[in-house]
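Below is one structure; the comments refer to it alone.
In what follows, every heavy atom counts, from backbone to side chain, and hydrogens, waters and symmetry copies are set aside. In listed order, ligands and their atoms are each counted from 1. Residues: numbered from 1 along the sequence shown.
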Amino acid sequence: MTNLARLVRDIAAEMAGLADRGEVATYIPPLAAVDPRHFGLCVVTVEGAIHLAGDALEPFSIQSISKVFALTQALGKVGEALWSRVGREPSGSAFNSIVQLEREQGIPRNPFINAGALVVADVNLAGHEPRMAIGDLLRFIRYLAEDDGIAIDEMVARAEQATGFRNIALANYMKSFGNIEHAPERTLGVYFHQCAIAMNCRQLAMAGRFLMHGGLHSPGGARVVPARRARRINALMLTCGHYDASGDFAFRVGLPGKSGVGGGILAIAPGKASIAVWSPGLNANGNSQLGTLALERLADATGWSVFGVG
Ligand code: GLN
């Protein structure tokens, strides 16, 4: 067994024994029903080795991790023009905050807070029916993960639609500033369905490979995005991927990462590994409590932090 295989196994074993696992999200009812004892970890290395531990093959709701793939899709459609509608600065606010939008005239701070992701969904909807836009995103993710089994959990999508009053408010508010082009319910439909995509850690780590390989699908494989775009998406994940805890995540883990309220985190060690972790219990900022701890252990032991070893 390699050192990395042993490390992945040991981290999962440590996490399994911890009692303080955070709180599962309750504002989306199906997420409230998920057992907080789950823990999964998958590390895909630059050489293509795949290390799995715990519940790495159990699907979960990727939620806001979908924002990484939706952003990649939107940049492919409109390129740099995206940045006239959404910023690139950390918000310092919660993922579903509305306060900055008034001061900043309906331009969200970044593509990873909900407001920004709604603008991205609106961009991806242009020229399409909502069903086509979400189908394109799903096909893109399946291609990246090399797995056609990835699907949308319709029950989660419906629950979000029924309870997403804040997101509905955000979309309508931005519409009033002219920063949502479509009928808000159509843009929201795309957003709710992308959040309801279910994946396991293995599928997610595989889908993240293009961000460790400088934009290539896999080593020597097709180009998914220009190298510069991959670098910039990583930069946004590092600075904005954990909302108002992005600074703390950089401090503790030091890797570009994107969290979701389903308890998943996709983390990228550029040139080294694509990592997915899942533990449904969240900390006060809405990020996976044990997922963050597991990544901290992994980064400490491997020296993968983008800020250097030690
Ligand atoms: N679907 C969730 C929401 O819009 C996504 C939030 C998240 O994962 N942080 O509230």
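- Salt-bridge annotation for Glu146 and Arg209: present, with a side-chain N of the basic residue lying under 4.0 Å from a carboxylate O of the acidic one.
- For the pair Phe192 and ligand 1, no heavy-atom separation below 4.0 Å is found.
- Separation of the His217 and Tyr143 ring centroids falls under the 6.0 Å cut-off.
- By the 4.0 Å heavy-atom criterion, Asn114 is counted among the residues contacting ligand 1.
- Using a 4.0 Å cut-off between charged side-chain N and carboxylate O, Lys272 and Glu47 make no salt bridge.
- Taking any N or O of Tyr191, backbone or side chain, at least one lies under 3.5 Å from an N or O belonging to ligand 1.
- Close contacts between ligand 1 and Glu160 involve ligand atoms 1 (N), 2 (C) [criterion: under 4.0 Å to a heavy atom].
- In summary, Arg297 and Asp10 do not engage in a salt bridge, as defined by a charged side-chain N under 4.0 Å from a carboxylate O.
- Side chains of Asp136 and Gln73: no donor on one and acceptor on the other come within 3.5 Å.
- The nearest heavy-atom contact from the protein to atom 6 (C) of ligand 1 is Ser64 OG, 3.0 Å.
- Using a 4.5 Å heavy-atom cutoff, the side chains of Leu295 and Phe249 are in contact.
- Salt-bridge annotation for Lys175 and Glu181: absent, with no side-chain N of the basic residue lying under 4.0 Å from a carboxylate O of the acidic one.
- Contact atoms of ligand 1 toward Gln63: 1 (N), 2 (C), 5 (C), 8 (O) (distance under 4.0 Å to a heavy atom of the residue).
- Between Glu89 and Arg109, none of the side-chain N atoms (NZ, or NE/NH1/NH2) sits under 4.0 Å from a carboxylate O, so this pair counts as no salt bridge.
- Which parts of ligand 1 touch Asn167 is read off a 4.0 Å heavy-atom cut-off, strictly below it: atoms 3 (C), 4 (O), 10 (O).
- Every N/O-N/O distance between Lys67 and ligand 1 stays at or above 3.5 Å.
- Here is the list of ligand 1 atoms found below 4.0 Å of a heavy atom in Tyr243: 7 (C), 9 (N).
- Taking every non-hydrogen atom of Cys195 and a distance limit under 4.0 Å, the qualifying atoms of ligand 1 come out as 1 (N).
- Among protein heavy atoms, the minimum distance from atom 10 (O) of ligand 1 is reached at Tyr27 OH, 2.5 Å.
- Tyr191 and Asp122 form no side-chain donor-acceptor contact under 3.5 Å, judged by distance and modelled atom types alone.
- An N or O contact shorter than 3.5 Å links Val261 to ligand 1 by distance.
- Heavy-atom contacts of Gly260 reach the following atoms of ligand 1: 8 (O) (cutoff under 4.0 Å).
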